[in-house]
Amino acid sequence: MNSTIVLHQVSKSFGNKNVLNDISISVGSGQIFGLIGPSGSGKTTLVKIIVGMDLPSSGQVHVLNTPVPNLNLLQKIGYMAQADALYNDLSGLENLTFFASLYKLNKDVQKKRIAYAANLVNLTPHLTKKVQNYSGGMKRRLSLAVALIHDPQILILDEPTVGIDPELRKSIWAEITRLKKEGKTILITTHVMDEAEKCDQLAMVREGEIISSGSPFELKDHYQIHSLEEVFLKAGGDKDENNRIS
Ligand code: ADP
Ligand code: MG
């Protein structure tokens with residue numbers, strides 16, 4: 001299987017604070033890859049480095065065999081940041097139109113993509129409202145729509161379902177699974193265990209290190225337990241090399 005995202009010995013420090021330590025991962029194309037770990041473990045920092053918004057202190061990042069950062073890659077990546085990056089003074093529709101205009105889409109395609117993305121996240125009836133009047137969950141949904149607007153080959157979603165009700169969460173996951181079937185590669189961060197269960201591969205991050213990785217089945221098998229919740233607790237207590245199962 002081809003690797004779409006490859007990190008080789010990536011470390012990152014802010015000042016003298018070491019936030020990521022020697023991270024190597026490889027995300028196969030067409031996979032849903034989950035980064036799971038507690039708050040503050042380094043997931044967002046890692047994701048920003050993959051997108052090219054931040055540079056590693058050492059190590060290499062390649063996306064689609066291209067060294068990051070690279071402007072052309074942005075056309076191929078849909079990124080949903082943990083903090084919503086939206087224009088509050090504009091309506092939902094104006095936000096979607098603005099972001100769509102950043103990509104080389106013709107007007108017809110643009111219209112179709114906006115309708116598709118808004119519908120996917122149940123925002124069609126709210127498109128004319130200003131974003132400043134949206135709830136937190138609506139902003140998350142609009143951010144997801146923005147990430148999908150140019151039909152990217154790779155989706156990078158940083159805690160996409162925070163603040164989203166269970167029903168919509170289900171439909172978002174159905175869509176993520178459908179996108180995977182289309183051959184897209186999806187990297188997602190989460191600390192919701194039932195979401196981790198839906199990933200093909202997982203990497204558990206703790207204090208800036210990958211302490212364990214593998215499929216949900218492999219992780220449970222390795223720790224001889226039944227739920228990922230337990231994996232999380234077990235792995236959390238022990239940070240040695242023996243936890244590396246793949
Ligand atoms: P997570 O997404 O897993 O919650 P983050 O990547 O946001 O973790 O943060 C990891 C650590 O890096 C935290 O201790 C956070 O305070 C620190 N950190 C993140 N960004 C910066 C920054 N720009 N400057 C200094 N410290 C940072
Ligand atoms: Mg984060």
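As the structure is a prediction and not an experimental result, all values here were calculated from the model. One-based numbering, in listed order, for ligands and for the atoms of each.
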query: Within 45° of the axis and under 6.0 Å from the centre of the six-membered ring of Phe217, does NZ or CZ of Lys220 qualify?
result: no
message: Consider side-chain contact (heavy atoms from CB on, under 4.5 Å). Of Asn70, Val6, Ile77, Val27, which one does Val63 pass it with?
response: Ile77
message: Starting from atom 7 (O) of ligand 1, what is the nearest protein heavy atom, named by residue and atom, and what distance separates them?
response: Thr44 CB, 3.6 Å
query: Would Ser3 and Ser26 count as having a side-chain donor-acceptor pair, cut-off 3.5 Å?
result: yes
- line: Checking heavy-atom distances from atom 5 (P) of ligand 1 to each of Val47, Asp158, Leu20, Thr45, the winner is Thr45
- request: Determine, using heavy atoms of Gly37 and all atoms of ligand 1, whether some pair is separated by less than 4.0 Å.
  value: no
query: Would you say Ser39 reaches the Mg ion (ligand 2) with an N/O/S atom under 2.8 Å?
result: no
field: Protein contact to atom 15 (C) of ligand 1 [nearest heavy atom, distance to 0.1 Å]
entry: Lys17 NZ, 4.0 Å
- prompt: Any ion pair linking Lys48 and Asp158 (charged N to carboxylate O, less than 4.0 Å)?
  reply: no
query: Counting each atom of ligand 1 from 1 as listed, which ones have a heavy atom of Pro38 under 4.0 Å away?
result: 3 (O)
message: Tell me the contacting part of Val19 for ligand 1: side chain, backbone, both, or neither, using a 4.0 Å heavy-atom threshold, strictly below.
response: side chain
message: If we count only N and O atoms by modelled type, under 3.5 Å, do the side chains of Asp200 and Gln31 hold a donor and an acceptor together?
response: no
Donor-acceptor pair between Glu195 and Thr161 side chains, under 3.5 angstrom: yes
message: Can you report which non-hydrogen protein atom sits closest to atom 10 (C) of ligand 1, along with the distance?
response: Gly40 O, 3.4 Å
task: For atom 27 (C) of ligand 1, find the nearest protein heavy atom and state the residue, atom name and distance (0.1 Å precision).
output: Phe14 CD1, 3.3 Å
field: For atom 8 (O) of ligand 1, closest protein heavy-atom neighbour
entry: Gly42 N, 3.1 Å
task: Say whether Gln9 and Ser24, considering side chains only, have a donor N or O and an acceptor N or O under 3.5 Å apart.
output: no
message: Only heavy atoms of Ser41, strictly under 4.0 Å: list the atoms of ligand 1 that pass.
response: 1 (P), 3 (O), 8 (O)
- prompt: Would you call the rings of Tyr134 and His126 parallel, tilted or perpendicular, where under 30° means parallel and over 60° means perpendicular?
  reply: perpendicular
query: Can Gly15 be said to touch ligand 1, with heavy atoms closer than 4.0 Å?
result: no
- prompt: Counting each atom of ligand 1 from 1 as listed, which ones have a heavy atom of Lys43 under 4.0 Å away?
  reply: 1 (P), 2 (O), 3 (O), 4 (O), 6 (O), 8 (O)
message: At less than 2.8 Å, would any N/O/S atom of Thr189, backbone or side chain, sit next to the Mg ion (ligand 2)?
response: no
- prompt: Is the closest side-chain donor-acceptor distance between Ser11 and Asp22 under 3.5 Å?
  reply: no
